[in-house]
Every structure is written in C-alpha cells, then in structure tokens.
Amino acid sequence: MQLKSSKRVDGDFQPEKSRLEPKENCFWWFLSLNFQSSGINGFNFLLLEAITGLMVPLNLYLVKNLLDSMVLYMNGEPCKQVLFWFGLFIFFLTLEYFINIARPLAYNSFYKKRMANLNQLVMNNALLYPLEQFSKETLANEYSYLKVNLQYYSDSSLEVFTTLLNAFFAIVGSVFILASVSLYIPLIIISVAVINALVRKTNEKELGHFREREKSERKLENYTKDLLLEKKYAKEIRLFKLQDYLSQKYSYLYWQGQKNEYDMMIKISLREMVAALFVLAASGLVLFISVNSCWELVSVGYLAALILGICGICYYTEAVFSQLLSLKEINRFSFLLRKFFRNTPPSASSIFIPVEISEPVSIEARNISFKYPHTKEEVLKDISFRIRPKEKVLILGEENAGKSSLAKILSGVYLPTLGEVLLGGINLANIQSDKKASYISGVWEDFQRYPFSIAENIALEPIDQMDSKKLFSMLKDIGLDLDSLFSSKEEIYQLFSTESSKVAITENQWQRIALARCFYRDPLVVIFDEPTKDLDPIAELKIMTRFLTMAKEKSAIIFSHRCGIAEYVDTIYFLQNGIFREKGSHEELLNLGGAYAKLFAKQKRWYR
C-alpha cells in the first residue's frame, strides 16, 4: 500500500549538502516514535499489515491443496476434499477483500492521530528553545526542514517497515511451503530474486546518474544549436564565418551524446542478460532437483504454487531492495530530529516560584547584557533601570539601537545573556510561562493577523470560553466602529480570513484589534514595541494616547523611534548602541540639550 501522501521539501537546509552524517542508527527510534504517537490505532494498522503478509503463503497453500484435490477427484476420489478446499479458498479470498478495504481506513485513523501527535511533539520541543536561539540561521533552517518534511519521512519510514513486514511473512511462508519438496528450491529462487533485484536497482541508479550528467551536456548541445538557428547570432556568424565551426561542434556534441547513451544501454542490457542467464540456470536446477530427488512430491498443485511463489518472492525481494535504498535518507532525517530533541535546552530555571500578583507591580532590569547566539557583538550592554507601579515609560532610540531586543527581554520572550529582570522583586525566569503571560502583555511591531473571527483575534481563546461583556467593552475602549464593518454584532464571532474576507479592515483598525488583544487578559505590565511605525505620525500618536489611557492603572513601557508621545509619559530613556545615554522627563531632557533634544527638534514639525 502506497503510504506517502506528501513530497519532500528541501528549502534552505539540505542534509546531503550539509554533509550531515548520522553517528547512530535512528530509524527504529523514529519508527517507534510513530507508533507511540498513535496508540491503539498503530496496533490495528500493524496487525492488518501482518495479516496481509501472511495471506501470500496462505494463498499458495490453498491453491496447492485445491488443485491437488481436483486432480484426485478426476482420478475417482470423493468430491468432499475439493469442496472443502474450494470453500476455504473462497472464504480467505473474501477475507482478503475485506482486509484490503479495512487497510486504508485503519491507516487513515492511524495517520490522523500519528501526525497530530508528532507535529505537537515537534512544536512543543521547539517552544522549549529560547526564541533568540532561532536567530541562528542553521537552527532556524533545521527546524523549518524538520517541520515541513515530518509527514514525508514519517510516511517513508512506515512504508519501509510495512514492506519489510509483508515481505518477511510472504517470503518465509512461501519458503516453508515450497521447501516441502526440497529446501534447495526456495533458496535458489531467493538467490535469483536477490540477483535480479540488485541488477535492476544498479541499472536504475546508473541510469539516474547518467541522466544527470547528460543534462549539462545537452545544455551545451542545445546552446550550440541555438547559435546556428537564432537570428540574434546571425550577424557575427556571417562576419567571422562561423558556420562550419559551429556545425562541426554541434555534430560532435550530438553524436557524442548518442554514443554515450548507446554505451549505457549496452552496459544495462549486458547486466540484464547475465541476470536472465541466472534465471535460466536456476530454472534448470530447480527442475533437476525436482526430478532426481522427490518427483513423487511434485504435484500439479505444487507446480502452480511454485510458479506463484517465484513471482511473489521476486516481487517482495525487489520491493525490499527498493525500500532499503531509502533507509539512509530516512536515517539522516531521524538523526536530525533526535538531535533537535536532545539539544533542547533545559529551562532557564528548574525552580519555579508560585506567584500570585493582583496589584500594579514594578519591573526592574539589573545589569542586563544581551547578544544573539553565535555572535560576538553585544546588542545591550549592562543596562539597569526600575519602572515603578503604574509608571509610564518611553524608551526612545533610532534604528538598531536595541529597542526590540530589550522589549523581548522585559516580556520574558528572550533571556538576557547576563543580568536579570525582576517582576515585583521576583526573577522573571522563575515565574511559570502561563503565569508570566497573564502578568505581562504587549503589542509588537510584527503583530499577527490571525485568520480567525475578530473575537478570536482579540481573546485568543475558544468562543464558548470568552467573556462577551469584557470583549465588547474592549472593542468600545479601542474605538473600533463595528457598525462600519459588520451588519450585526454577532458577525465578530464568525470565521474571518485575512485573505478572502469581504470585510476590508484597514491597518489602523488592525492596530486597534492588536491593542484590544493586549489588554483583554488584564495584564499588570503592558509593552508597546513600535506596532505603529508604518502609520503616519498623527495616526500613531492617536493610538499611543489611547494605549496610555487604557494602561492608566498599569505599568506601561513604550518603545519608539518617534518623540510624539514623549510629553505624555513619566520618564524617557534614550537608548543608543545598546546603552542608555540619557534619562529624565521630557522637560528635563530638553533642558539638557543632548541627543534627545536634537531628535525632538527634528521631529516636532510632524505633529503640528
């Protein structure tokens, strides 16, 4: 049964070209992972595949005995045996028919549960990596490669295993039946089948390599032909009298290609002739053994079983060799997946402090330094500051000053290379992620537009668990005009696609939806990391002032490269090259006449 339902995708990471050589055999580990992820469904699938393999020798046995009983009946024996074997044959034929119907159904249920659990397992392991680790291109590419190819290699590993399982039962059972005359007969058949499979696979491999080499040679041949035929080359061909030279070159390339292909066909044909001679010799040897050793055991039924057995053994032997060729590729993927699981970093802290915070809280950075993995330059350098409960802070800086990195560290998305972040005096790394998410929220520069309903875009939870009163209150607070978007309020619960929806939501409206998402869970600290940078300064200022209004009872941190909101916050930090150069209120920094004052003077005309 063909199991592959997807195609391999290499993308930016190609294991073969990266010279990734597995140091251990991970195929069986990956296979067991597939079955562990599916439970009883995997057992049912495995049982049906085993029965399918057993049906091959069983059919041989039934055919042999049915034909032998028919010969005995024609020689005057009672017809009871014929009826018995015929009834048994029809019964197992019907059983096989129902098994073939059940196999795809069993695989389908096995596939759904297996892939759901495998994908979840990979995603859960990815979430254990600190987000900053994915800034390393190799890890990001490896994860992308694993994610998009998981189904392909899962299907491939199962196809190899089921082929081996079917082949084992089919070949061993057939050998047992055919060995009733002589053990040498099935051994000879298997030897010939192996030789045939090796010859065929060798020919396929060499022909594949030949076609790859031929592509580059054909390119040159076709290019030379184009030189002779296309008008744009005609002037120089006539000027330099290149007709004869190019014709000779094309003729040489064409006939050289034909000769190479002919030589390859001769080589392939010779191998197949040698294999055919082996088959002929083996057939003679089987006949010789049958005549000279136990001719009285060679019945009509046995001969029929022998012919069917030869076909079956050859088919399954070739299938096994075909699947074994893909083992190296599957093992390479399995090794990469196991390495990804093994290298999952331990939690930043194995000690989680039970925390229950319900009132406005301070947030403090102590001697924070940060650099991205596998880079030498520090993005943030020994930063320390404290934000009081309900304080509103603007962290201002131009492009590449380190603002987004600091925002991710303060929210707990990144871990600092050195130093610590304290929330109400407790190290942020010691607070469990679910608690952390309820205490700190934010609106990011690259906030997501999910293809869900508007309600789900805000609440990020199932519709039946939403607080409708809070949801509509939030929509009112952000100033989103529902009447202009929907004909009824209930439409905010309906499935919404950002690509196909007839509802046109503007960038400004998406900003407001992201704002509502930030405040829906009533966090204690809110972070605003330049989500409005693509809006004009006036529109940005309107959303920022709304943000500050909604954050009245919370600690708020705004990251921006614009000064428009500066007059509305308590404290301003000017960030430059990963260091706080200035700190103070708007008036204090203007009086200081430093970098902030110059930036404000440059931008203030935007807000008039």
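Everything numeric in this text was worked out from a predicted model, so none of it was measured.
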Leu599 vs Gln603, test: side-chain contact (heavy atoms from CB on, under 4.5 Å). Steps then yes/no.
CA-CA 6 Å; Leu599 186 64; Gln603 294 183 5; 3.4 Å; yes
Less than 3.5 Å apart, any donor N or O on the side chain of Glu378 or Thr417 sitting next to an acceptor on the other?
no
Identify the heavy atoms of Ala556 and Phe547 that sit nearest to each other, and give their distance.
CB-CE2, 4.1 Å
Between the side chain of Arg517 and the main-chain N/O of Val443, is any donor-acceptor distance below 3.5 Å?
no
Do Phe472 and Leu475 pass the side-chain contact (heavy atoms from CB on, under 4.5 Å) test, and can you show the C-alpha distance, the side-chain angles, and the key distance before you say yes or no?
CA-CA 5 Å; Phe472 282 101; Leu475 288 167; 4.1 Å; yes
Kindly determine whether Leu396 and Phe559 satisfy side-chain contact (heavy atoms from CB on, under 4.5 Å), including the steps that lead there.
CA-CA 6 Å; Leu396 190 69; Phe559 291 84; over 6 Å; no
Judged by atom type as modelled, is there a donor-acceptor pair below 3.5 Å linking the side chain of Asn331 to the main-chain atoms of Leu327?
no
Determine yes or no for a side-chain-to-main-chain donor-acceptor pair under 3.5 angstrom, with Asn457 supplying the side chain and Tyr450 the backbone.
yes
For Ser384 and Asn367, indicate whether the former's side chain and the latter's backbone hold a donor-acceptor pair under 3.5 Å.
yes
Would you check if there is a donor-acceptor pair between the side chains of Glu461 and Tyr520 at a distance under 3.5 Å?
yes
Within 45° cone of Phe335 ring axis and under 6.0 Å: Arg338 NZ or CZ
no
Let me see the working for Glu329 and Arg332 under salt bridge (Lys or Arg N to Asp or Glu O under 4.0 Å), right down to the final yes or no.
CA-CA 5 Å; Glu329 188 183 319; Arg332 189 183 283 116; over 6 Å; no
Determine the interplanar angle of the Tyr414 and Tyr372 rings, folded into 0 to 90°, and report it as parallel if under 30°, tilted if 30 to 60°, perpendicular if over 60°.
perpendicular
Check step by step if ring pair (Phe, Tyr, Trp, His ring centres under 6.0 Å) holds for Tyr573 and Phe385.
CA-CA 9 Å; Tyr573 292 87; Phe385 64 97; 5.3 Å; yes
SB check Glu530 Arg562 (cutoff 4.0 Å)
no
Which pair of non-hydrogen atoms, one from Leu471 and one from Ala455, has the smallest distance, and what is that distance?
CD2-CB, 3.7 Å
Go through the structure and list residues passing salt bridge (Lys or Arg N to Asp or Glu O under 4.0 Å) with Glu399, not counting sequence neighbours.
Lys533
Any pair with a residue in residues 581-596 that passes salt bridge (charged side-chain N to carboxylate O under 4.0 Å, His left out), sequence neighbours left out, goes on the list, sorted by first then second residue, please.
none
Indicate the atoms forming the closest heavy-atom contact of Cys26 with Ser334, along with that distance.
O-CB, 3.4 Å
Is any NZ, NE, NH1 or NH2 atom of the basic residue among Glu391 and Arg386 found under 4.0 Å from an Asp or Glu carboxylate oxygen of the other?
no
If you measure only the distance, is there a donor-acceptor pair under 3.5 Å linking the side chains of His586 and Tyr596?
yes
Note, Ser555 side chain near Arg388 side chain (heavy atom, < 4.5 Å)
no
Where the side chain of Lys371 meets the backbone of Ser369, is there a donor-acceptor pair that is under 3.5 Å apart?
no
Can you see which heavy atom on Lys403 is nearest to which on Ile395, and at what distance?
CD-O, 4.0 Å
State whether the side chain of Ser156 and the backbone N or O of Tyr152 hold a donor-acceptor pair below 3.5 Å, judged by distance alone.
yes
Minimal heavy-atom distance between Leu410 and Ala365, with the atoms involved, is CD2-CB, 4.5 Å
Apply side-chain contact (heavy atoms from CB on, under 4.5 Å) to Leu589 and Phe600, showing your working.
CA-CA 10 Å; Leu589 293 183; Phe600 183 79; over 6 Å; no
Inspect the contact between Asp522 and Lys554 and indicate whether a charged nitrogen and a carboxylate oxygen are less than 4.0 angstrom apart.
yes
After noting the C-alpha distance and the side-chain angles of Phe110 and Phe35, does the key distance pass the ring pair (Phe, Tyr, Trp, His ring centres under 6.0 Å) rule?
CA-CA 9 Å; Phe110 170 49; Phe35 284 103; 5.5 Å; yes
For Ser411 against Leu428, the heavy-atom pair lying closest together
C-CD2, 4.1 Å
Can any side-chain N or O of Lys392 pair as donor or acceptor with the backbone N or O of Ala551 at less than 3.5 Å?
yes
I'd like to know if the side chain of Gln448 reaches the main chain of Asp446, judged simply by a donor and an acceptor atom lying under 3.5 Å from each other, with no hydrogens or angles considered.
yes
Closer than 3.5 angstrom, by distance alone: can the side chain of Asp467 be matched with the main-chain N or O of Lys470 as a donor-acceptor pair?
yes
Spell out, as yes or no, whether a donor-acceptor pair under 3.5 Å connects the side chain of Asn34 to the backbone of Phe30.
yes
